[in-house]
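Everything below concerns the one structure shown next.
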Amino acid sequence: MTWRRLSRYIDALESAGELHRVSEPIDCHLEAATIADKLVKSNGPAVLFEQPRLADGTISEFPLAMNLFGSYERTNRALGVEKPSEIGERMVGLMKPDIGGILRAPWKGIPLALQGMSMAPKKVRKGACQQVRMADPNVTKLPIPTTWPKDGGPFITLPLVVTANPNTGVHNMGMYRGQIFGPKEVGLHWQRHKHGADHAADSGDGRMPVAICIGGPPELVFSAISPLPDNLSEFEFAGLLSGSRLRLTKCLTNDLYVPAEVDFVIEGYTVPGETRLEGPFGDHFGYYSLAEQYPVLHVTAITHRRNAVLPATIVGVPPMEDGYLGESVGDAFLPVLKFQYRDVVDLFLPLETGFHNLAIVASKQRYPRQARKTALGLLGAGHMMFLKSIVACDPDHPVKDLEALLDALDSKVDIAGDIQVLQGQVADTLAHASPHLNVHDKMVIDAASPTHDDPMFGLTIPAGPGESLVDSVSQIEGVSAVQMMRPSMMVVTTHIEGGPRPEESVETVDDEGAAAQRAHIARLRDEIWSLNGSENLRWLFITDDDVDLSAEGWRRKLLWQFFCRFEVARDLHFDETRSRLAWDATAPIPSNSGPHPVRRWPGVTLQDPEVEAKVDAWMEDNNL
C-alpha cells in the first residue's frame, strides 16, 4: 500500500469512521494528550485537533493528529496488510528466493524483482516537505504537545531523526524523542546503544548535521522503530513496506537527505560534547524516565508542506498507542526471526510489560534444554538485548495467552532447576528499576516440558496449596490483600511505610527507610513460607497495595507492576533449598546501601486531576 503522504491515511481513517475531528481550540499543554490517552484506553478513534492552542495562547496554523495507530486495525491499515506477518514473509522471500522455481518459470521472479527494486531510494531535486520555509525558524510555533504533568516540557513524540555515518555517509533514521528547549533548540534523546549516538561519537570535533522529520506516510514511523539489521536502511525498508521507491530530497542547510513527503523537516546540527539536562518524560514503561544529559539540536531551518499535519503520540501506563505499534513490529519480524533462529516457533512481547521486560517464546524441544538454548540465543538478538526476563515454552504453547503462561509456570517450572539468572547484562537506558544505568541482571525461565532423555524427565511438579492458605496469610500483619492466581502462585499486596507513592518521584536517598522495606518484605516472605502447607507455594508475588485485586482486569495491571518495578538481582528471593521463589514488586525506596543500590525512583504517569475532569466532561458532551 502506498499512502504517499500522511493526509491520505488520515482521509482513509475518516472514510472508515475511525477519525474524530475537533474543531474547537484544545490546549497542546496536557489537554490534547489527555484526550488521546482516554481514547486509546477506550478503543476510541484517531483524533484530529484542528485548532491546537500553543503555550502563548495563540492557535497553531497546523492541525495536531493523535492516536493514529491506536488499534490493531489502524496499524494494519497503515501498513496495508491483513496481518503484520505478511511483511516478514516478504523479507524472508527476498532473503531466500526460490531459485529453482524461478529458473523453471522465470516470470515467477518478477514480483520478487519488483520488491527488490522498490527498496532503492530515489533522490529528487525538491520534495513536498520543502514547499514552505519558515522565515524565522521557531519550533515553538508547531503544535507539539506536553503529554504528562511532570514532563520537562513539550516533546516531539513521533520524530524521524536522520543522521549520517561521518565515515561512510550511510544514513540512519531513528525515533529519538525531542524536548523543546526554545525556538531554536531541541534535546535529542538518543541512547548510547543507538545509531545516532554512534554517529555523534564518530563525528570528531566538527558539528554533526541532524534533521528531525515529522509526519509523512505511515510506513516511515514503522521503519524508524523497527529492529533492522545494519545492512538494511530505514529508507530501504520503507520502500519495501510501501511497494514503491522512497523519494528523498536534500536538506536546505546541510547535506542530509530526508524523505520528500514528510510534513515537517527541522534541520540543524549538534556540537560535540554539548549536552543539556533532558527530561523527565512520561515513558512507555508507565513511569517518568529520569532526567539525564543529552545532546542539543541547534535549528537552522524549518520547512513544511502546504496543509501540513503534525502527528504525535502519548506513551505511559499500558495499553497505549505504542503498544499496538510494538506488537505489530514483533509480529512483522517473527518470520525473519524464525528464519535466523530456526528453533523459534512463536514469540510475544506483551505490551503490558513495556516490551523490554518480558518475552515469551515457544521453541522446538527435540533434545534436552533446546528451549532454554533458544531463549539464551534471543537475548543477543537486536533490541532483545534489553530484555529483563524471557520464558521458554513448548512448541505448541500459545504465546499470546497470558492465562496459558500462568498454567505453564504453575505446572512445568521447577524453581531450583528451571530458573537461571544472568548477572551484569545490558539494560535499556529507560529501565529505571536497574541498579546501575544500562546494566541489570536477566532471568531465563524454562517452562518447556523436558525431553525423555533430559535429567529432569519424569520429575513431578507437586500441586500447590491452592486456596487453603488464603485465610492464614490474610491474618499476617502487613498483608493488605491476598489472591491465588494458580495453585502454587500467590499474590500479596502490602503497604510500604515511606515507600514511593504512584504520584510522586523520589529523588532523595533514604537508607534507613530502604532497610525497613527490605526487612518488611523478608518478614512477610518468611511468615508465609513458615505456614503449614506452604511447602509447594512456589511462586510468591508481593506488591504495593495501590492495586485492587478485586478490580476488573487486575491481572493485567499486575503484569505491569511485576515486570516494570522489579530488578532481578535485587528483588528475586529464594528459600534455602531454592525450591520456592519470592518476587518483590513493591516500588523500592532509593538507597545506596543494602545488597544492591536503588536509583532515583520515578513517579507513575498520571493525568492532572483538573485537566482530566475537564476532559471527561468534554468527552461526555461529545459522546466519546
Side-chain angles (χ1 to χ4, degrees), residues 6 9-55 57-60 62-75 77-78 142-151 154-155 157-158 281-284 286 288 309-325 351-352 502-503 546 548 551-554 556-557 560 603-624:
L6 179 62
Y9 174 64
I10 292 175
D11 290 343
L13 291 181
E14 187 164 30
S15 298
E18 293 191 50
L19 179 79
H20 181 79
R21 287 181 177 268
V22 179
S23 58
E24 64 196 87
I26 296 292
D27 286 347
C28 289
H29 181 75
L30 300 183
E31 284 186 1
T34 302
I35 292 171
D37 184 27
K38 299 280 185 179
L39 288 174
V40 72
K41 284 183 166 59
S42 61
N43 298 312
V47 60
L48 185 69
F49 301 105
E50 296 178 333
Q51 294 195 68
R53 188 160 40 216
L54 303 174
T58 62
I59 301 299
S60 173
F62 308 107
L64 168 65
M66 299 190 74
N67 200 28
L68 292 174
F69 311 107
S71 71
Y72 295 115
E73 293 76 14
R74 287 203 290 279
T75 302
R77 182 188 297 274
L142 306 183
I144 298 167
T146 299
T147 53
W148 297 105
K150 296 181 181 178
D151 279 357
F155 281 84
T157 51
L158 288 176
F281 174 72
D283 225 314
H284 67 283
Y288 287 93
V309 175
L310 191 139
T313 189
I314 176 174
V315 294
V317 177
M320 280 292 196
E321 183 179 12
D322 66 313
Y324 295 103
L325 285 168
L351 63 86
E352 291 89 350
E503 65 276 6
D546 59 340
D548 182 358
E552 183 181 356
W554 66 274
R556 287 192 171 270
K557 182 172 182 180
W560 170 69
V604 177
T605 51
L606 301 172
Q607 297 291 358
D608 178 274
E610 291 185 10
V611 174
E612 186 172 23
K614 180 180 178 181
V615 165
D616 285 341
W618 178 88
M619 294 186 72
E620 185 175 352
D621 291 341
N622 286 270
N623 298 315
L624 290 173

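None of these values were measured; they are calculated from a predicted model.
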At what distance, to the nearest 0.5 angstrom, does [atom1] of [X] lie from [atom2] of [Y]?
| X | Y | atom1 | atom2 | result |
| --- | --- | --- | --- | --- |
| Phe69 | Leu13 | CZ | CG | 8.5 Å |
| His20 | Phe49 | NE2 | CZ | 8.5 Å |
| Trp554 | Asp548 | CH2 | CG | 10.0 Å |
| Arg74 | Glu18 | CZ | CD | 5.5 Å |
| Ile26 | Ile35 | CD1 | CD1 | 4.0 Å |

Can any side-chain N or O of Asp151 pair as donor or acceptor with the backbone N or O of Gly282 at less than 3.5 Å?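 Between the backbone of Gly282 and the side chain of Asp151 there is a qualifying donor-acceptor contact (under 3.5 Å).
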
Between Trp148 and Val315 (side chain of the first, backbone of the second, donor and acceptor by atom type, cut-off under 3.5 Å), is there such a pair? yes

With sequence neighbours excluded, residues passing side-chain contact (heavy atoms from CB on, under 4.5 Å) with [X]:
| X | answer |
| --- | --- |
| Asp608 | Leu30, Pro149, Glu610, Val611 |
| Pro154 | Ile144, Thr146, Ile180 |
| Val317 | Trp560, Val604, Thr605 |
| Arg556 | Glu352, Leu402 |

Shortest non-hydrogen contact from [X] to [Y]?
| X | Y | answer |
| --- | --- | --- |
| Glu321 | Thr313 | OE1-OG1, 2.6 Å |
| Cys28 | Pro52 | SG-CB, 3.6 Å |
| Leu64 | Pro143 | CD1-O, 3.5 Å |
| Ala65 | Ile10 | CB-CD1, 4.3 Å |

Are the side chains of [X] and [Y] in touch, meaning some heavy atoms are under 4.5 Å apart?
| X | Y | value |
| --- | --- | --- |
| Ile314 | Thr157 | no |
| Pro63 | Leu310 | no |
| Tyr9 | Leu68 | yes |
| Leu606 | Pro502 | yes |
| Val40 | Pro319 | no |
| Leu142 | Phe62 | yes |
| Arg21 | Glu14 | yes |
| Leu48 | Val22 | no |

Where do Leu19 and Val47 land on the side-chain contact (heavy atoms from CB on, under 4.5 Å) test, with the steps shown first? CA-CA 5 Å; Leu19 179 79; Val47 60; 5.8 Å; no

Hey, mind stepping through Gln607 and Thr34 against side-chain hydrogen bond (donor to acceptor under 3.5 Å, both in side chains) and telling me if it holds? CA-CA 7 Å; Gln607 297 291 358; Thr34 302; 2.9 Å; yes

Applying salt bridge (charged side-chain N to carboxylate O under 4.0 Å, His left out), can you list everything that pairs with Lys38, at least two apart in sequence or on another chain? Glu612, Asp616

Quick one: sort the Tyr324 and Tyr72 rings into parallel, tilted or perpendicular, breaks at 30° and 60°.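 Taking Tyr72 first and then Tyr324, their aromatic rings stand perpendicular (interplane angle over 60°).
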
Can you tell me if Trp618 and Glu24 form a side-chain donor-acceptor pair at under 3.5 Å? yes

For residues 39-48, which residue pairs qualify under side chain to side chain donor-acceptor pair (under 3.5 Å), counting only residues two or more places apart or in two chains? Asp37-Lys41

